[in-house]
Amino acid sequence: DAGVTQSPTHLIKTRGQQVTLRCSPKSGHDTVSWYQQALGQGPQFIFQYYEEEERQRGNFPDRFSGHQFPNYSSELNVNALLLGDSALYLCASSWGTFLNTEAFFGQGTRLTVV
Amino acid sequence: ILNVEQSPQSLHVQEGDSTNFTCSFPSSNFYALHWYRWETAKSPEALFVMTLNGDEKKKGRISATLNTKEGYSYLYIKGSQPEDSATYLCAYTTINDYKLSFGAGTTVTVRA
């Protein structure tokens, strides 16, 4: 079992550009959530996808959007990048909801905006 | 308390010593409390998921307790080893939520 895989692992973008991050969930999992971890903080919830729909969204602007595909993989898109978007982006998968089951995380994508 | 708070932010432990640290969270609408261990350059790994007041869970030398009425959880490491060096994150979720709300973590460094 490959677990949760994210790509790319690192990338550098310029302010104003757009970026797409990808996540493949653990086999058997149907729910994908995205988190942003800024330096010195805990991961902050961006949104969760289930059955190809956004089920819940955190306090992030509309520049952050996502998608879930029929095979449960997911993308996170960020438009009009700001310097403050520089962070580690984590993908987490689970079967159903997180409420009483563990989430499995990928290693993250380190985004640097210059 | 309005958000998840973890203390201390960091601690250094001598190999063989035991240690513990705290996670505080809002007690209203509580549903589950998660603990994760996050080693450098790796993925966060789930340690425990606890849902009931008074829950106690154990995995090897690591154990955790939960008090949902007062909104706190303790994580204990017995006989710390260098491989226990990591950041330990706690996260809670409510009955109305699909998200995990994380604390900033406690970074443990075990000195040989």
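Because only heavy atoms are used, hydrogens play no part in the values below, and waters and symmetry mates are left out as well, while side chains stay in. Keep in mind that this is a model prediction, so the values were computed, not measured. Chain A is the first sequence line, chain B the second, and so forth, proteins listed ahead of strands; every chain is numbered from 1.
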Below 4.5 Å, heavy-atom pairs only: which of A:Val4, A:Leu90, A:Thr9 has the largest tally toward chain B?
A:Leu90

In one Ile/Leu/Val/Met/Phe/Trp/Tyr side-chain cluster, 4.5 Å: [X], [Y]:
X: B:Ile62; Y: B:Val108; answer: yes
X: A:Tyr49; Y: A:Tyr72; answer: no
X: A:Leu76; Y: A:Phe60; answer: yes
X: A:Phe69; Y: A:Phe47; answer: no
X: B:Leu33; Y: B:Tyr72; answer: no

Tell me, for B:Ala91 versus chain A, whether the close heavy atoms (under 4.5 Å) come from the side chain, the backbone, both or neither.
neither

Checking heavy atoms, do the side chain of B:Thr94, its backbone, both or neither come under 4.5 Å from chain A?
backbone

First locate atom [atom1] of [X], then atom [atom2] of [Y], and finally report the distance between them rounded to the nearest 0.5 Å.
X: A:Asn100; Y: B:Leu52; atom1: CG; atom2: CG; answer: 10.0 Å
X: B:Lys99; Y: A:Arg57; atom1: NZ; atom2: CZ; answer: 13.0 Å
X: A:Gln56; Y: B:Asn96; atom1: CD; atom2: CG; answer: 9.0 Å
X: A:Gln41; Y: B:Phe102; atom1: CD; atom2: CZ; answer: 13.5 Å

For the rings on B:Tyr36 and A:Phe105, is their centre-to-centre separation under 6.0 Å?
yes

Measure centre to centre between the rings of A:Phe45 and B:Tyr98, then say whether the value is under 6.0 Å.
no

Give a yes or no on whether A:Leu39 atom CG has more than 12 heavy-atom contacts from other residues, nucleotides or ligands under 6.0 Å away.
no

Strictly distance-based, threshold 3.5 Å: is any side-chain N or O of A:Gln107 a donor or acceptor partner for the main-chain N or O of B:Ala41?
yes

Sort A:Gln37 into side chain, backbone, both or neither according to what part of it lies under 4.5 angstrom from a heavy atom of chain B.
side chain

Can you check whether A:Pro43 reaches B:Leu100 side chain to side chain, under 4.5 Å on heavy atoms?
no

